[in-house]
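Numbers for residues simply follow the sequence, beginning at 1.
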Amino acid sequence: MHRFRIWTLLWMLSALVLGACGGAADPTLEPPSSSGGEGPVYVDETSVVIRESFPMQLALEVKGHLPTPCHELRWTVEGPNEDGEIRIEMISVATTDEACIQVLEPFETGVELGSYTEGSFSIFLNGELVQEVDL
């Protein structure tokens with residue numbers, strides 16, 4: 001009788017362990033990109049900083065999330081163009097081909113936009129107008 005209980009307990013424990021290893025993946029989470037692959041950036045909050053110096057310096061403070069801890073933030077700044085538009089493109093880049101935990105990774109960063117004595121500027125992040133600034 002004692003052996004029966006041990007075997008039953010071992011069988012139940014095995015079933016529990018094997019059941020925990022299986023299961024369907026969450027369809028809302030995308031697998032991480034391969035090394036060098038681009039991914040999205042989830043922006044939660046932006047603010048334009050005007051530093052009181054001469055010439056005045058503009059920066060964009062950005063808070064948000066990356067797709068996984070294995071992604072790094074990258075950006076480019078273009079402008080201002082003849083219409084006074086400063087365009088920032090922000091992406092994430094996978095840093096490894098290894099498996100990565102599928103959780104959002106928070107970030108906070110500042111993007112320097114340049115020094116200006118005067119002018120009117122429209123600041124865009126990933127195609128969306130963030131703020132218009134008159135110096």
Side-chain angles (χ1 to χ4, degrees):
M1 186 70 156
H2 184 61
R3 281 187 184 174
F4 178 74
R5 287 184 186 169
I6 291 174
W7 282 110
T8 303
L9 181 60
L10 287 174
W11 180 80
M12 289 173 41
L13 184 60
S14 299
L16 180 64
V17 169
L18 290 175
C21 293
D26 185 348
T28 61
L29 297 177
E30 296 180 56
S33 304
S34 62
S35 182
E38 294 181 7
V41 173
Y42 306 107
V43 176
D44 298 330
E45 186 178 323
T46 59
S47 62
V48 175
V49 176
I50 302 172
R51 295 193 182 95
E52 297 296 327
S53 60
F54 188 81
M56 291 186 195
Q57 298 174 359
L58 292 178
L60 180 65
E61 298 291 326
V62 182
K63 293 180 183 178
H65 292 84
L66 299 174
T68 72
C70 297
H71 281 77
E72 290 182 1
L73 191 61
R74 300 282 190 265
W75 65 82
T76 59
V77 178
E78 295 180 9
N81 62 17
E82 61 276 354
D83 296 326
E85 296 176 346
I86 300 173
R87 295 191 169 270
I88 302 107
E89 291 299 320
M90 194 170 276
I91 61 168
S92 64
V93 176
T95 57
T96 180
D97 285 330
E98 301 291 320
C100 189
I101 187 168
Q102 296 296 297
V103 297
L104 294 176
E105 178 72 11
F107 74 87
E108 256 183 75
T109 193
V111 179
E112 297 298 321
L113 303 179
S115 299
Y116 308 97
T117 55
E118 60 182 36
S120 295
F121 304 98
S122 300
I123 300 170
F124 292 84
L125 176 60
N126 292 344
E128 299 288 324
L129 179 64
V130 173
Q131 186 175 333
E132 293 186 355
V133 176
D134 290 318
L135 302 178

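Summarising the geometry, atom CD belonging to Glu108 is positioned 8.0 Å from atom CD belonging to Glu61; distances are rounded to the nearest 0.5 Å. Taking CD1 of Ile50 as the start and CD of Gln57 as the end, the distance is 12.0 Å to the nearest 0.5 Å. Here Tyr116 contributes atom OH and Ile86 contributes atom CD1; the two are 4.0 Å apart, rounded to the nearest 0.5 Å. Once rounded to the nearest 0.5 Å, the distance linking CE of Met90 with CG of Leu66 reads 9.5 Å. To the nearest 0.5 angstrom, His65 atom NE2 is 5.5 Å from Asp44 atom CG. Rounded to the nearest 0.5 Å, atoms CG (Leu58) and CD (Gln131) are 9.5 Å apart.
Under the side chain to side chain contact (heavy atoms under 4.5 Å, CB included) criterion, Thr76 pairs with Glu89, sequence neighbours left out. In terms of the side chain to side chain contact (heavy atoms under 4.5 Å, CB included) criterion, residue partners of Ile91 (sequence neighbours excluded) are, by chain and number, Glu38, Arg74, Val93.
In this structure, the side chain of Gln102 engages the main chain of Cys100 through a donor-acceptor pair within 3.5 Å. Without hydrogens or angle criteria, Ser92 side chain to Val41 main chain gives no donor-acceptor distance under 3.5 Å. The main-chain N or O of Asp134 is never found under 3.5 Å from a side-chain atom of Ser120 such that the two would form a donor-acceptor pair. Judged by distance alone, with hydrogens and angles left aside, the side-chain atoms of Asp83 form no donor-acceptor pair with the main-chain N or O of Glu85 at under 3.5 Å.
A single hydrophobic cluster is not seen to contain both Leu73 and Phe124; linkage of ILVMFWY side chains at heavy-atom distances under 4.5 Å, directly or through other members, places them apart. By the criterion of side-chain heavy atoms lying less than 4.5 angstrom apart, applied directly or through intervening Ile, Leu, Val, Met, Phe, Trp or Tyr residues, Tyr42 is not grouped with Val111; the two fall into different hydrophobic clusters. Leu104 and Val43 end up in different hydrophobic clusters when Ile, Leu, Val, Met, Phe, Trp and Tyr side chains are linked at under 4.5 Å.
Shortest non-hydrogen contact noted between Arg87 and Gly127 is NH1-CA, 4.2 Å. The two atoms that bring Phe121 and Pro80 nearest to each other are CE2-CG, 3.8 Å, heavy atoms only. When every heavy atom of Val48 is checked against every heavy atom of Val130, the shortest pair comes out as CG2-CG1, 4.3 Å.
Annotation for Leu129: atom CG counts as buried by contact number, over 12 foreign heavy atoms lying within 6.0 Å.
Contact annotation: the side chain of Thr68 approaches that of His71 to within less than 4.5 Å [non-hydrogen atoms, C-beta and beyond].
With side-chain heavy atoms closer than 4.5 Å counting as contact, directly or through intermediates, Val49 stands alone and belongs to no larger hydrophobic cluster.
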